[in-house]
Amino acid sequence: MESAHAHRKDEHLALAEAEYRRHQPVSSLEQVRLIHQSLPDLKISDVSTAIRNENFNFTTPFYIEAMTGGSIRTGRINQQLAEAAKETGLAMAVGSQSVALKDKDAIESFTIARDTNPDGFIMANIGAGHSAQSAQQVVDMIGANALEVHVNVAQEVVMPEGDENFLWLDNIIEIIQTVSVPVLIKEVGFGMDATTIKKLYENGAEYVNIGGRSGTNFAVIENRRYRDKEFNYDFLYDWGQTTAESLLEAQSLQQKPIIFATGGIQNPLDVLKAQVLGAKAVGVAGHFLHTTLQDGTTGLINEITNWQQQLRKLYALVGARSANDLTKVPYVLSPELQNYKDQRQL
Ligand SMILES: Cc1cc2nc3c(=O)[nH]c(=O)nc-3n(C[C@H](O)[C@H](O)[C@H](O)COP(=O)(O)O)c2cc1C
C-alpha cells in the first residue's frame, strides 16, 4: 500500500495530463515576435545550440523539467524520461524527492533515473522548506549533478494540507552554501519578479529558474484534487507572472544570477524566444509528460530529436550561430506585454 504522499504524486500526474492544454496557453511567449532575418549569412551545419557554463554544459538548451517519482507509477515515468534523456543527450530533473526522505519504498522511483542513465546530467529536486542535510541526501540519493530547490508558495496555499511556514530564505542560503553540487532555485509556475530574483542573487543564488505561469498550473491541479470540498481557490487560476513577464523582470536587473526558464514551453520556437529574452536553458515538463503518456518512450525520443533539429534551423532564421548570438536578436512585444513592462518600469 503506497503512502498518501505517494498517492498525491499519482494525482498530480493524472491531473496534469487531464488539464494539458485545456485552457488557452498563456505563456505570453506568443506575445513576443522575433524579427526574421532574410540574410542570416550562415550554414545550418555551423549552428551549435549547445550551452556552456562552468556547471551546466548541455548539448541541447532545453531539458526535461522536474515532475515525477514517489510512487510505482511515477517511477516508471521517471524511467521512461531517463531513457529518452539518455538517447537524446538531454539533461533532466526528477520530481520532488521529499517523499523518499520519509518513505524508503519511494527511493527506487527516483534512483531508477540514475540507473537508467548512469552518465547523464540529472538534477535532484526538493522544496525550499527542507534542511541542507535533507538537500544533500536527495543529491546523494541519485548521484545528482545539480540540485533544484523549488519555491511553491502558491501551490502550498491552495493545498489544504499545504505548508503555512514560508520562512525559506535562510534555508536556501544554507543549502547553497553547503550542498556539494550547483543549486538552481526554481519556481513551479507562478513566475518571479525582479525583487525576488535580486534577493536570491544577493543571498548567493547563482542559478534561478523563473518558472512562469503559462503551462502546467498548480493552482488548478491542487484545486481539482479538492474540488468536492469547501476549499476552492479557482480565483487564483491566473495568479502570478507569465514566463515572458518573468523573463522581462529578470532582464531589468544589471546584476543577476544565470536565468533558466520553465512554464508553458510547447515547441522549439518557445525555447528560442525564452532564450532570446535571456534564459540560458529552458525546462519542459507538461508537454514532454503528455508526449510520454500518449506515445511512450519512443514517441518522446522522436519529439525531442525533432525539437533538436528544428531548433538549429530556427537559430538560422534569426541569424544566430550559437546561444551567444541570441542576445542580439531583435524582437517586438505585443501591446499587452509592453504595457506590463511599462507599468512595472522594467
Ligand atoms: C506532474 C507534474 C509534477 C510536478 N512536480 C514537480 C516537483 O515535484 N518539483 C518541481 O520543482 N516542479 C514540479 N513540477 C513543475 C514543473 O517542473 C514545471 O515547473 C511546471 O510544470 C511548468 O512547466 P510546464 O508548463 O512545461 O509543465 C511538476 C509538473 C508536473 C506536470
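Atoms within a ligand are numbered from 1 in the order they appear, just like the ligands themselves.
- Between the side chains of Asn152 and Glu156, at least one donor N or O lies within less than 3.5 Å of an accepting N or O.
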What side-chain donor-acceptor pairs closer than 3.5 Å can you find for residues 183-197, not counting sequence neighbours?
residue: Glu187; atom: OE1; partner: Gly189; partner atom: N; Å: 3.3
residue: Glu187; atom: OE1; partner: Phe190; partner atom: N; Å: 3.2
residue: Asp193; atom: OD1; partner: Thr196; partner atom: N; Å: 3.0
residue: Asp193; atom: OD1; partner: Thr196; partner atom: OG1; Å: 2.5

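- Atoms of ligand 1 found under 4.0 Å from any heavy atom of Ser96, numbered from 1 in the order shown, are 7 (C), 8 (O), 9 (N).
- For atom 27 (O) of ligand 1, the closest heavy atom belonging to the protein is Thr216 OG1, 2.4 Å.
- Close approach to Gly215 involves these atoms of ligand 1, each under 4.0 Å from a residue heavy atom: 25 (O).
- Between Phe218 and ligand 1, not a single N/O pair is under 3.5 Å apart.
- Atom 23 (O) of ligand 1 has its closest protein heavy atom at Thr262 CG2, 3.3 Å.
- Comparing heavy-atom distances from atom 19 (O) of ligand 1 across His290, Lys186, Met123 singles out Lys186 as nearest.
- Under 4.0 Å is where a charged nitrogen must lie from a carboxylate oxygen, and between Arg8 and Glu11 no such pair does.
- Atom 17 (O) of ligand 1 has its closest protein heavy atom at Ala66 O, 2.6 Å.
- Distance from atom 2 (C) of ligand 1 to its nearest protein heavy atom, with residue and atom name: Met67 CG, 3.9 Å.
- In terms of polar-atom proximity, defined here as any N/O pair under 3.5 Å, Gly95 makes no such contact with ligand 1.
- Side-chain atoms of Asn171 do not come within 3.5 Å of backbone N or O of Ser131 as any donor-acceptor pair.
- Here is the list of ligand 1 atoms found below 4.0 Å of a heavy atom in Ala16: 1 (C), 31 (C).
- Within the model, atoms CE of Met123 and OH of Tyr63 stand 5.0 Å from one another, a figure rounded to the nearest 0.5 Å.
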Report all side-chain donor-acceptor pairs from residues 37-51 shorter than 3.5 Å, counting only partners two or more places apart or in another chain.
residue: Gln37; atom: NE2; partner: Ile35; partner atom: O; Å: 3.3
residue: Asp46; atom: OD2; partner: Lys43; partner atom: N; Å: 3.4
residue: Ser48; atom: OG; partner: Ala50; partner atom: N; Å: 3.2

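- Between the side chain of Gln97 and the backbone N or O of Val138 there is at least one donor-acceptor pair closer than 3.5 Å.
- Of all non-hydrogen atoms in Val94 and Ala66, the two that sit nearest each other are O-CB, 3.2 Å.
- Of the protein's heavy atoms, Val188 O, 3.8 Å lies nearest to atom 20 (C) of ligand 1.
- Ligand 1 does not have His287 within reach: every non-hydrogen atom of the residue lies 4.0 Å or more from it.
- Atom 9 (N) of ligand 1 has as its closest protein heavy atom Asn125 OD1, 3.2 Å.
- Of the residues listed (His7, Glu222, Glu17), the one engaging His12 in a side-chain hydrogen bond (donor to acceptor under 3.5 Å, both in side chains) is Glu222, and it is the only one.
- Evaluated by nearest non-hydrogen atom to atom 25 (O) of ligand 1, the leading choice among Gly264, Ala261, Gly189 is Gly264.
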